[in-house]
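To keep things clear, I will list the structure first and then write my remarks on it.
Proteins come first, then strands; the chains are lettered A, B, ... in the order of their sequence lines, and each starts at number 1. Atom set for the values below is all heavy atoms of this structure, side chains included, hydrogens, waters and symmetry mates excluded. In this text the structure is predicted, and so the values were computed from the model without any measurement.
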Amino acid sequence: MKQELSEIIQKALKVCNAQWGLDTLPDIDIEIPKNESMGDMAATIAMGLTKILKRPPRKIAEEIVEGIKGGGGGPDVLDTIEIAGPGFINFRLKKEFLHAKLAQLLTEEHSSLRTDIGRGHKVQVEFVSANPTGPLHVGHGRGAAVGNALCNILKAAGYDVQKEFYINDAGLQVKLLGESVFARYLQLLGNDAPFPEDGYRGDYVESIAEEIIKRSGNEYQNRSFEECWDFFTNYAYKMMLADIAKDLKDFGVIFDRWQSEKELHEKGKVQSALTALQEKGLLYEKDGAKWFHSTEFGDDKDRVVVKKDGEYTYFASDIAYHKDKLDRGFDTVINIWGADHHGYIPRIRSVLEAFGLPKEKFKVILIQMVALLRHGEPVQMSKRSGEFVTLREVVDEVGADITKFIFLTRRADSQLEFDIEVAKEQSAENPVFYVQYAFARISSIFRQAEERGVSSQRSAVSEDVGARRCLALLTETEEITIIKKLLHYPMVFEGAALSCEPHRITYYLQELAGLFHSYYNKHRVISDNEALTNARLYLCKAVQIVLKEGLTMLGVSAPERM
RNA sequence: GCGCCCAUAGCUCAACUGGACAGAGCGCCGGACUACGAAUCCGUAGGUUGGGGGUUCGACUCCCUCUGGGCGCGCCA
């Protein structure tokens with residue numbers, strides 16, 4: 001829809017430019033007007049040209065409109081054109097055009113909803129990347145939902161996407177987990193062992209210790225932690241990691257690749273990354289440590305990469321990891337982090353820039369906190385361990401679809417309230433059901449139609465000339481509104497992909513579902529009028545196609561019955 | 001002390017990357033099932049977009065400042 005209009009305007013601009021004499025014409029921006037009374041679609045091009053032409057926007061708009069009319073005015077597409085407000089060019093579309101686009105949607109289905117803006121560009125999306133020292137909490141879940149949806153969107157938009165989880169398996173944290181497990185292990189065997197100061201106190205630590213006893217008995221009982229830390233640490237974090245992978249899988253999030261930090265060290269990638277920086281003259285020594293000159297790229301201060309004692313900093317692994325991303329050929333690097341990590345953006349951007357990635361090819365999506373509620377009361381903490389509520393607990397209680405959808409009902413960097421009790425209610429307060437119900441309701445209509453032997457919607461429109469013609473019977477204002485809304489989807493989708501904002505699709509789906517519910521209550525789909533019934537079944541089918549597409553992007557199912 | 005994010009209807013949040021009269025849901029009140037699923041629909045009310053200034057044809061959006069919240073500022077990971 002956008003394309004047809006762009007072409008019409010493009011043509012008119014060329015005509016006008018014979019007088020203007022501009023070397024380049026600005027991009028044409030087609031918008032969906034806020035208010036339906038303003039028109040079906042609008043162009044802001046005249047306002048965009050005021051600065052260049054130094055003339056009032058409405059005058060320019062008039063010239064463009066003349067150009068459009070002179071060029072035939074897109075006779076198949078446009079009904080009326082008018083200039084409004086400061087210089088908007090508002091278009092009304094012919095019903096015939098809308099019906100033709102609807103037929104196209106029904107014929108091509110999902111492929112007509114996707115645009116290939118990615119053109120196969122390689123995008124790497126890293127998300128969740130939780131430390132394997134404990135189970136995932138709800139905050140991680142939100143990151144997982146957003147990352148997963150974003151990847152679905154980017155893939156559908158033609159990008160070559162890789163979903164990756166970075167495992168912090170090299171540092172002191174996993175060792176501390178190992179030590180915690182070791183302490184529990186000794187305690188379970190009846191020893192009076194001290195628990196490490198800042199050790200991990202969750203129940204899962206004990207479970208791991210029990211597992212080790214089951215496997216190896218008391219083999220390590222008389223050893224010091226220093227003697228067997230490697231075994232305990234590895235065993236513990238690998239078990240944790242398996243749990244995390246399981247939690248994510250049950251949440252419907254599958255990663256393409258898991259990158260181990262330890263492996264970067266073992267393969268010498270940390271060393272070689274630093275050497276590469278050295279060769280670029282971006283490393284220097286000061287106070288016995290080695291520093292990366294990140295201020296060169298706009299960071300607040302330079303960062304230590306090798307400590308005085310010769311150990312690498314955590315940041316050194318990050319350098320290696322992000323260099324590795326570029327070495328693997330990614331054009332764009334997207335990191336999804338908890339909002340509390342925002343301070344790390346400049347240094348990572350510096351690294352990527354140092355290795356040649358343009359600034360705008362690195363994007364960080366910050367995920368804000370989830371405030372968990374129950375009956376409106378905050379429940380951030382739970383259990384004696386004082387741990388955050390785990391993702392698994394919430395998913396088990398509420399369900400994966402609902403949880404994902406709610407995580408996607410807000411912009412990522414906006415705080416989110418998640419009330420477990422409300423989420424479980426099958427009520428109007430729950431937006432997931434609202435959208436899914438529209439889908440299920442349509443399925444139910446189809447079942448009903450079949451029972452009554454009404455001609456089926458299943459034959460493809462392209463093979464059914466009569467059906468194609470019957471779409472012209474869709475003339476009720478609610479029907480026209482729905483058709484237009486359906487045709488907006490590709491624009492919403494494209495916007496979601498370009499801005500990396502999955503929530504736009506969530507909102508769109510709620511709006512579309514709303515239009516459908518409203519229509520359903522006002523008009524009957526199945527009636528004695530066979531042709532009209534058929535046309536309306538097609539409209540229903542189209543709504544279903546788009547609902548399904550959008551829900552798929554969000555990673556949420558579209559059930560035929562609820 | 002420095003830096004980043006947030007502030008929009010009573011509540012929870014949108015606003016298409018600077019566009020038109022700022023929109024939904026919830027909540028309140030009142031209505032709609034002997035016809036395709038009432039997990040739905042219909043109808044009102046609700047605003048100086050935290051305050052002030054600036055940039056321009058045009059600002060919730062960009063700049064400055066103040067207020068009030070959140071988070072970062074380690075040779076920790």
Side-chain angles (χ1 to χ4, degrees), chain A residues 29-35 37-38 42 44 47-48 50-51 56-58 84-88 90 131 133 168 170-176 261 286-291 300-301 303-309 311 313-315 317 338-346 366 368-369 376 409-411 413-417 419 422 425-434 436-438 440-449 451-452 454 488 491-492 494-496 498-499 501 503-504 506-508 510-511 513-514 516-527 533 536-537 540 561-562:
Chain A
D29 183 30
I30 305 289
E31 298 188 342
I32 303 163
K34 278 186 180 167
N35 197 325
S37 66
M38 294 164 180
T44 56
M47 280 117 78
T50 45
K51 278 169 201 143
R58 287 190 70 109
F88 287 95
N90 290 339
N131 275 343
T133 52
N168 298 121
L172 290 176
Q173 293 308 312
V174 283
K175 193 169 175 182
L176 184 59
E261 178 190 2
K286 195 181 86 180
D287 305 330
K290 223 172 241 182
W291 299 68
D300 292 349
K301 50 181 102 169
R303 308 290 171 179
V304 171
V305 293
V306 181
K307 298 187 267 180
K308 207 188 284 179
D309 62 10
E311 293 281 312
T313 60
Y314 180 81
F315 180 50
S317 325
D340 53 337
H341 287 71
H342 70 262
Y344 296 78
I345 297 173
L366 295 175
Q368 268 293 351
M369 297 268 120
T409 53
R410 302 277 179 267
R411 239 176 39 219
D413 64 354
S414 160
Q415 285 200 356
L416 170 74
E417 285 195 355
D419 193 309
V422 173
E425 274 175 35
Q426 301 185 348
S427 74
E429 294 217 42
N430 199 325
V432 199
F433 292 121
Y434 189 77
Q436 287 184 326
Y437 182 50
R441 196 172 224 182
I442 294 171
S443 299
S444 171
I445 294 172
F446 290 152
R447 287 192 292 269
Q448 188 69 224
E451 254 175 54
R452 297 198 197 174
V454 185
H488 290 163
M491 297 174 73
V492 174
E494 193 176 308
L498 289 173
S499 62
E501 291 181 345
H503 77 276
R504 294 192 190 192
T506 316
Y507 274 88
Y508 171 87
Q510 294 182 72
E511 288 161 10
F516 178 76
H517 286 310
S518 182
Y519 172 62
Y520 176 90
N521 273 277
K522 188 163 177 186
H523 301 284
R524 289 195 56 77
V525 173
I526 300 169
S527 66
T533 299
R536 288 182 172 174
L537 285 172
C540 288
R561 292 173 203 271
M562 293 173 65

**Q.** Verdict with reasoning, A/Phe88 to A/Met38, per side chain to side chain contact (heavy atoms under 4.5 Å, CB included)
**A.** CA-CA 10 Å; A/Phe88 287 95; A/Met38 294 164 180; over 6 Å; no
Q. If the sugar-phosphate is the primed atoms plus P, OP1 and OP2 and the base is the rest, what is the B/S/- string for nucleotides 70-77 of chain B, using protein heavy atoms under 4.0 Å?
A. -BSSSBBB
Q: Runs of at least three consecutive Watson-Crick or G-U pairs, both distances under 3.5 Å, are what I'm after; which ones involve RNA chain B?
A: B:1-5 with B:69-73, B:10-13 with B:23-26, B:29-32 with B:40-43, B:50-54 with B:62-66
With sequence neighbours left out, write down each residue that passes salt bridge (charged side-chain N to carboxylate O under 4.0 Å, His left out) with [X], or none if nothing qualifies.
{"X": "A/Glu511", "value": "A/Lys485"}
{"X": "A/Arg58", "value": "none"}
{"X": "A/Glu501", "value": "A/Arg504"}
{"X": "A/Asp340", "value": "none"}

**Q.** Syn/anti state of B/rU17 by chi, 90° boundary around 0
**A.** syn
(Q) Is B/rC16 syn or anti, taking syn as a glycosidic angle within 90° of 0? (A) anti
Q: Kindly indicate whether the side chain of A/Asn90 and the base of B/rA20 share any N or O donor-acceptor pair separated by less than 3.5 Å?
A: yes
(Q) Among residues at least two apart in sequence or on other chains, which ones pass side chain to side chain donor-acceptor pair (under 3.5 Å) with A/His523? (A) A/Glu478
Q: Output all residues satisfying side chain to side chain donor-acceptor pair (under 3.5 Å) with A/Glu494, sequence neighbours left out; order by chain, then residue number.
A: none
Please identify each residue that fulfils side chain to side chain contact (heavy atoms under 4.5 Å, CB included) with [X], with sequence neighbours left out.
{"X": "A/Arg561", "value": "A/Arg447"}
{"X": "A/Thr409", "value": "A/Phe405, A/Ile406, A/Leu416, A/Pro431, A/Thr506, A/Gln510"}
{"X": "A/Ala289", "value": "A/Trp291, A/Val304"}

Q) Hey, what do you get for CZ (A/Arg411) to OH (A/Tyr507), rounding to the nearest 0.5 Å? A) 9.5 Å
Q. So, do A/Phe88 and B/rA20 meet the stacking rule of ring centres under 5.5 Å and planes under 30°?
A. yes
Listing time: all N or O pairs from protein to nucleotides 56-63 of chain B that are below 3.5 Å?
residue : atom : partner : partner atom : Å
B/rG58  : O6   : A/Lys51 : NZ           : 3.4

Q) Closer to the 5' end of RNA chain B via nearest nucleotide, is it A/Arg411 or A/His523? A) A/Arg411
Q) Which of the following nucleotides, B/rA39, B/rG19, B/rU12, is nearest to the side chain of A/Glu417? A) B/rU12
